[in-house]
Amino acid sequence: MSLKQDLFRRPAASWRTWSFSLVCAALAACGGPEASEESATELATREDGLANVRLRLMAANTSSGTGQDYDPGHGIRIFQGTDPDVVMIQEFNYKTDSAADIRSFVDTAFGTGFSYYREAGAQIPNGIISRYPIIAAGEWDDTQVSNRDFAWARIDIPGPKDLWAVSVHLLTTGSSVRNTEASNLVKFINANVPASDYLVIGGDFNTGSRSEATFSTFSSVVSTAAPYPADRNGNTNTNAGRSSPYDHVLVDNDLRAYQTAVVIGTNSFASGLVADTRVYSPISGISPALAADSGASGMQHMAIIKDFLIPSDSTTSSSVTVLSPNGGESWTGGSARTITWTSSGISNVKVEYSLNGSTWTTLTTSTGASSGSFAWTVPGTASTNAWVRVSDASNASLNDLNNGAFAITTGGTGGTGQVFINEVLLNEAGSDVNGEFVELVNTGTAAVDLSGYTLSDSASVRHTFPSGTTVAAGKAVVVFGGAAGIPSGTVGAVAASTGTLGLSNSGDTVTLKSASGTAVDTVTFASGLAGTDGVSANRSPDATSTASFALHTAVSGTSSSPGKRANGSAY
């Protein structure tokens, strides 16, 4: 299949000025509803009457039965009970798949005012279903599979920005194929989606773990970092057996800034919801869904929900413009620089930087806009794609970036940071897995900014370093499985952000990746280094990035030394 686009050729500023009749005609051409003047008025009222609008996004491959469709009704009840605004749906089949049947499905599961786009000519089509008007839609070619493509829709959600929703159903064949699909989709997004709009990629990724390269690839356009949606029991996995993270709702950083807890009845899910009716309580809170619906025959996935509080439409003369850096500069890591801007109609600003244009680190959440400047010590991590963003502290959608990327170098007076895995305890003492740890050491001459760095084992990402985390030259940071396992007085110790390191006593692979997804260090530990209770594996010689690992008892005679040199002295 070739690239297919139904995008209407109009200047960006004119999207919302079209007549309602043209929107209706466009939707009909895409397989959408014959919307009424009354439904348009209702949407306008909902949009204009709120200062902030809750936007609920869902990814759903919740078909059941033997036909890969929604005719059995289990998925329909889940949709009705959770009330999403925009759904990226997979296996979008219903009864005969006629226009009348698909319209009937949308009306029943969501409501008569909802719009939809369903890709044509696919055996198990992807699609988008939306409470808000779909103003353009189409499909991009997935070269790795013949029975579906990437379905996309541009949606006129409340507020000054449109939402681009992309529904995907990646292959089960293997992680390399999925990464190829992800790479192709990123190219389509970069070529077609305006940076000024919101973006969400949702659907069935069929990913076996969160450490797959697919996520690193997608991280260039959406945030893939923790925390992740979970069910009532805290389980973040989404396949039928609840053992693998198959399904995802991934949004760009602009939209993620507005993420809020999913609230249904008296329940609140801080990071989003994995909607498994088998464990949801009370089930009456998502009526008419039944407890058995997620366990129905043929239902292989759980729906994923994330909520966002976005600003609604408003008029404003406020503005902010970044003056320095403004693109093309080369600043030395560790040097003192000043970020400058001009602003109008803003009281306070938030200042952030990025080393890759995707993952952002906050320098200050709020400082006086009128000052026009912020003193900054440039991080000691090299980058050729560095950015600064200044935004209204009370309205993240009002922001500005430097006009082009600038570089950060680690030579000269700034020194060079070098962080690597130095000591790992895979087999905790006793049975308290909180005691597992990974020690990172920086033997360079400059601090290393760990913001957005991740630690993974062979199964998944276990820890993501929060914004503002640095490890000074000659110092260490230690990630433990849980806070309860951190020995008193351990310097530079933190608990794994996922609540566990999950290291295997029979051997495992530990990987440190930068915020951009590049592997900084990776070590595979054989069973001989993991099978001794309470004894860690340590570089030998200690704190030497090129050295091999040995049992800690062979390096210094002691069982471990988290946060200290192998001989027990301080870093």
Check: Can you find a pair of side-chain heavy atoms, one from W152 and one from I189, that are under 4.5 Å apart?
Finding: no

Next item on the list: May I ask you to check whether T238 and H248 show a side-chain donor-acceptor distance below 3.5 Å?
Entry: no

Next item on the list: Over all heavy atoms of both residues, which pair between A483 and A495 is shortest? Give the atoms and the distance, please.
Entry: N-CB, 3.5 Å

Next item on the list: Please determine if R210 forms a cation-pi arrangement with Y228, meaning its NZ or CZ atom is less than 6.0 Å from the six-membered ring centre and no more than 45° off the ring axis.
Entry: yes

Notebook entry, point to check: Distance only, no hydrogens: is a donor on one side chain within 3.5 Å (strictly under) of an acceptor on the other, for N184 and T180?
Noted result: no

Next item on the list: Could you tell me whether the side chain of R148 and the main chain of H169 form a donor-acceptor pair under 3.5 Å?
Entry: yes

Next item on the list: Could you grab the distance from atom CD of E139 to atom OG of S167, nearest 0.5 Å is fine?
Entry: 11.5 Å

Margin query: Is it the case that the side chain of S383 and the backbone of L355 share a donor-acceptor pair, with hydrogens and angles ignored and the cut-off at 3.5 Å?
Written below: yes

Note to self: Check whether D521 reaches the backbone of F420 with its side chain - one donor and one acceptor, N or O, closer than 3.5 Å.
What the structure shows: no

Notebook entry, point to check: Just how far is it from atom CG of L363 to atom CZ of R389, taken to the nearest 0.5 Å?
Noted result: 11.5 Å

Check: With a 6.0 Å cut-off on ring centres, are W331 and F406 close enough?
Finding: yes

Check: Has K564 got more than 12 heavy atoms of other residues, nucleotides or ligands less than 6.0 Å from its NZ?
Finding: no

Next item on the list: Indicate, with yes or no, if the rings of W140 and F150 have centres closer together than 6.0 Å.
Entry: no

Notebook entry, point to check: For I305 and D307, which heavy atoms make the closest approach, and how far apart are they?
Noted result: CG2-OD1, 3.8 Å

Notebook entry, point to check: Any chance the side chains of N422 and Y571 put a donor and an acceptor closer than 3.5 Å?
Noted result: yes

Item checked: Aromatic ring pairing F525/F549, orientation class (parallel under 30°, perpendicular over 60°, tilted between) -> perpendicular

Margin query: Are the side chains of L512 and T522 in contact, using a 4.5 Å heavy-atom criterion?
Written below: no

Checklist line | Donor on one side chain, acceptor on other, N233 and N235, under 3.5 Å | finding: no

Check: Does a side-chain heavy-atom distance below 4.5 Å link S223 with D252?
Finding: no

Note to self: Please report the interatomic distance CD(Q68) to CD(Q123), rounded to the nearest 0.5 Å.
What the structure shows: 6.0 Å

Margin query: I'd like to know if D508 and R462 make a salt bridge, using a cut-off of under 4.0 Å between side-chain N and carboxylate O.
Written below: no

Next item on the list: May I ask you to decide if I421's main-chain N or O and R539's side chain share a donor-acceptor pair within less than 3.5 Å?
Entry: yes

Item checked: D457 side, atom CG; L426 side, atom CG - distance, nearest 0.5 Å -> 9.5 Å

Margin query: Using a strict threshold of under 4.0 Å (side-chain N to carboxylate O), is an ion pair present between R242 and D231?
Written below: yes

Notebook entry, point to check: Knowing that exactly one of N126, I124, T62, L170 qualifies, which makes a side-chain contact (heavy atoms from CB on, under 4.5 Å) with Q90?
Noted result: N126

Next item on the list: Compute the ring centroids of F205 and F218, then answer whether they are less than 6.0 Å apart.
Entry: yes

Next item on the list: May I ask you to check whether F465 and Y453 place their ring centres under 6.0 Å from each other?
Entry: no

Item checked: Gap separating the NE2 atom of H301 from the OG atom of S63, nearest 0.5 angstrom -> 7.5 Å

Notebook entry, point to check: So how far is it from Y198 OH to L57 CG, rounded to the nearest 0.5 Å?
Noted result: 11.5 Å

Item checked: Over all atoms of both residues, closest heavy-atom pair of D276 and S294 -> OD1-CB, 3.3 Å

